[in-house]
Protein chains: 2
Amino acid sequence: MNNKNKIFIDKLRSSGLRPTNQRVDISRFLFNRKKTFHFTVEQLKNSMNLKRSKKISTATFYNTVHALKSAGYLKEFSLENNTSYYDTNITSHHHFFDNGKVIDIKSDKITFNKLPEAPKGKKIKNVEVVIRLENNN
Amino acid sequence: MNNKNKIFIDKLRSSGLRPTNQRVDISRFLFNRKKTFHFTVEQLKNSMNLKRSKKISTATFYNTVHALKSAGYLKEFSLENNTSYYDTNITSHHHFFDNGKVIDIKSDKITFNKLPEAPKGKKIKNVEVVIRLENNN
DNA sequence: CACTTAGTTTAGAATTATTATAAAGTAGTT
DNA sequence: AACTACTTTATAATAATTCTAAACTAAGTG
């Protein structure tokens with residue numbers, strides 16, 4: 001079972017974090033899934049703590065998520081509600097936004113004909129497309 | 001001068017707002033310019049109130065900006081710092097993000113080869129591209 | 001033009017997301 | 001087993017935004 005957790009522990013260690021129980025639980029919760037996971041820290045905290053007798057503190061959620069994000073294991077993005085969202089899919093990809101709901105779009109589903117040059121002295125770090133949806137009436 | 005303010009007053013009226021002095025001043029400040037203006041409510045408040053003896057309250061800035069945005073005279077967008085930014089350029093366009101700085105990209109500078117279909121029951125409202133920049137080293 | 005009313009402004013309180021703090025606890029080395 | 005640096009936690013602090021209620025004003029009415 002230590003073996004089973006190795007992958008989650010490794011992510012923590014390479015993010016500069018000691019693999020404490022709380023952190024390993026968070027890492028497992030985030031990365032032990034087949035499908036991409038989109039979440040806010042508040043949502044993560046609620047869904048994990050709901051099932052636990054010993055709750056993990058808010059600060060630990062924030063710290064852990066930040067470190068994982070800085071190490072590149074999570075991707076941050078923002079909607080128009082002043083809350084940070086995180087995505088376990090760190091490969092370059094795009095999003096549908098539908099009333100606060102987020103759906104991944106695989107990178108190869110969007111290709112460009114024309115892209116602008118970066119201003120002098122700068123280079124392009126990444127290109128992200130957001131497709132906003134509305135209901136068919 | 002009432003005539004001169006007509007355009008700013010009309011934007012307020014068609015946003016469902018009575019053209020009070022405060023609101024007309026805000027509307028003029030926002031729209032009486034040649035170039036696109038990007039701002040947060042806090043920035044708007046500071047730059048306008050700096051020059052005034054009679055300050056406009058925070059709530060009035062928020063109310064006015066919201067109404068103008070809902071009426072479609074302002075466009076809202078978010079960076080990764082949990083603050084709402086607004087853009088007086090409401091035409092479909094894209095952005096460079098460079099360390100918190102925002103630069104407009106004209107719509108025709110980006111064209112697509114391929115775009116995904118909207119999920120069933122949905123249609124595409126708009127497509128926005130963000131190109132993140134970093135320094136050349 | 002005075003009157004009335006619904007909409008507005010404002011200061012300040014409340015809320016939400018997030019970050020900081022400092023005391024008590026624990027991982028990992030010696 | 002002991003030590004030390006890193007963690008956890010509850011709580012306070014901060015920042016952006018929204019709410020509230022009392023004082024104020026635009027604009028329609030007679």
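All values below come from the heavy atoms of this structure, side chains included, with hydrogens, waters and symmetry mates left out.
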Touch class at under 4.0 angstrom, heavy-atom based, for B/K55 against every strand present: sugar-phosphate
Any B/Q22 side-chain N or O less than 4.0 Å from OP1/OP2 of C/dT10: yes
Close side-chain approach of A/I110 and A/I131, heavy atoms under 4.5 Å: yes
Interatomic distance, A/L44 CG vs C/dT18 P [rounded to whole Å]: 12 Å
A/F77 CZ to C/dA17 C1', straight-line distance once rounded to whole Å: 16 Å
Distance in angstrom units between A/K45 NZ and C/dA17 P, rounded: 10 Å
Intermediate values then yes/no, ring pair (Phe, Tyr, Trp, His ring centres under 6.0 Å), B/F8 and B/F31: CA-CA 7 Å; B/F8 310 123; B/F31 301 116; 7.3 Å; no
Short side-chain N/O contact from A/H66 to OP1 or OP2 of C/dT18, under 4.0 Å: no
Closest non-hydrogen atom pair, A/M48 against A/R52: O-CG, 2.9 Å
Gap between atoms CZ and P, on A/F39 and C/dT18 respectively (whole Å): 11 Å
Residue met sooner reading DNA chain D from 5', once B/T40 and A/R23 are mapped to nucleotides: A/R23
Separation of atom CG in B/N63 from atom P in C/dG7, rounded to whole Å: 14 Å
Over 12 non-hydrogen atoms of neighbours within 6.0 angstrom of NZ in A/K123: yes
Out of C/dA6, C/dG28, C/dA17, whichever nucleotide has its closest atom nearest the side chain of A/R13: C/dG28
Residue mapping more 5' on DNA chain D - nearest nucleotide basis, B/S84 or B/N21: B/S84
B/K109 atom NZ, neighbour heavy-atom count above 12 within 6.0 Å: no
d(CG, A/N81; C1', C/dA17) in whole Å: 10 Å
Nearest-nucleotide pick for A/T83, side chain only, options being C/dT18, C/dA20, C/dA11: C/dT18
Whole-Å distance separating the CD atom of A/Q43 from the P atom of C/dT16: 15 Å
Short N-O contact, B/D98 and B/K101, less than 4.0 angstrom: no
C/dA17 OP1/OP2 closer than 4.0 Å to side-chain N/O of B/N82: no
Under-4.0 Å salt bridge between A/R132 and A/E80: yes
Positional range of nucleotides in DNA chain D within the contact set of chain B, heavy-atom, under 4.0 Å: D/dA16 to D/dA27
Atom-to-atom span, CZ of B/F61 to C1' of C/dT9 - whole angstrom: 12 Å
Touch class at under 4.0 angstrom, heavy-atom based, for B/T60 against every strand present: base
